[in-house]
Amino acid sequence: MSIALIGALIAVQILRDVPSLRAAVDALKSDGKPLVLVPTMGALHDGHMALVEEGRRHGRHVAVSIFVNPRQFGPNEDLSAYPRREAKDAALLQSAGVDLLWAPGVDAMYPTGFSTNISVSGVSEGLDGAARPGHFDGVATVVTKLFNQVRPDVAIFGEKDYQQLAVIRRMVADLDLPIEIVGMPTQRAEDGLALSSRNAYLNEEERQTALALPRALGEAKRQMEKGEPVEAALAKAIANLTAHGFAPVDYVTLCDAATLEPMTRLDRPARLLGAAKLGKTRLIDNIAVDPA
Ligand code: PAF
């Protein structure tokens, strides 16, 4: 019988409180083999499943967490509308042979009296940090908790949330957390749109228009790599998105690939990041831009 088939026949364990999680993790780790965590907010799509696949390459055991984290949503954001479909997610994880699903409720994650905040300065301050105040404190706080709860050896995050990945890398280094952080390239639909749970909000017309985001970033990258001034290339990308009906365009910015400091000249490895709203849906994307 193939390993995938055996995986599909063994039900994924779903844990909802910290003591049961600890017991399940202890049992998994008793063979001394590495445990990999893929943190998610659920509504799993092929992008998440690619993270799970990548997890398989990094460790014997794979745990996935599903927790729609209220602390990373702003007061005017889509917390209550955020897609939740745990039964479907659990079935997907089971067929991918995932060992453990950590799916706590809000009370298990943030019991009454919870008062701690993890805040990473610098790398979390611009871009989405500026557009969504408090967002990265919410992410850093919940990811620290997830790490302490699951105690993985390796954790996998998608590069689609590039700033989030940079914030988590900074936090793990600063706090000496003994966890290897693996970044996974953005998974895209055939036409180039980055896979995201939020794509589910787009109607058919918006789904087509959404392609303007990866295309505008791709065009700006080509221009900058050919030597066009950074400012002009960014301005064209913003004008292009506005012409396609994105409003507001929160940013299209070229940043240092590691520190995310804004760059006005392409003189070192860079990342081009964009965020803009299409109708009610906020989309983000990013690509690498390399100096000649
Ligand atoms: O990327 C996400 O889905 C979330 O921000 C994360 C890392 C699971 C924290 O809630």
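What you see is a predicted model; the values in this text were computed from it and never measured. Start at 1 and go down the list; that is how both ligands and their atoms are numbered.
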Side chain, backbone, both or neither: the part of Leu146 lying under 4.0 Å from ligand 1 by heavy atom: neither
If you count the atoms of ligand 1 from 1 in the order shown, which ones are under 4.0 Å from a heavy atom of Pro39? 8 (C)
Out of all atoms in ligand 1, which are within 4.0 Å of some heavy atom of Val142? Include the element for each. 9 (C), 10 (O)
Got a salt bridge between Asp153 and Arg60, using NZ or NE/NH1/NH2 to carboxylate O under 4.0 Å? no
Quick test: of every protein heavy atom, which one is nearest to atom 5 (O) of ligand 1, and how far off is it to 0.1 Å? Gln164 OE1, 2.6 Å
Nitrogen or oxygen atoms of Gln72 and ligand 1 under 3.5 Å apart: yes
State plainly whether the residues Arg170 and Asp174 are in salt-bridge range, i.e. N to O under 4.0 Å. yes
Are Glu53 and Arg56 close enough, and set up right, to give a salt bridge (Lys or Arg N to Asp or Glu O under 4.0 Å), and what steps lead you there? CA-CA 5 Å; Glu53 277 287 300; Arg56 290 236 152 277; 5.6 Å; no
Do Glu77 and Arg132 sit within salt-bridge range, that is, some charged N less than 4.0 Å from a carboxylate O? yes
Could you tell me whether Glu54 and Arg57 have a side-chain N and a carboxylate O separated by less than 4.0 Å? yes
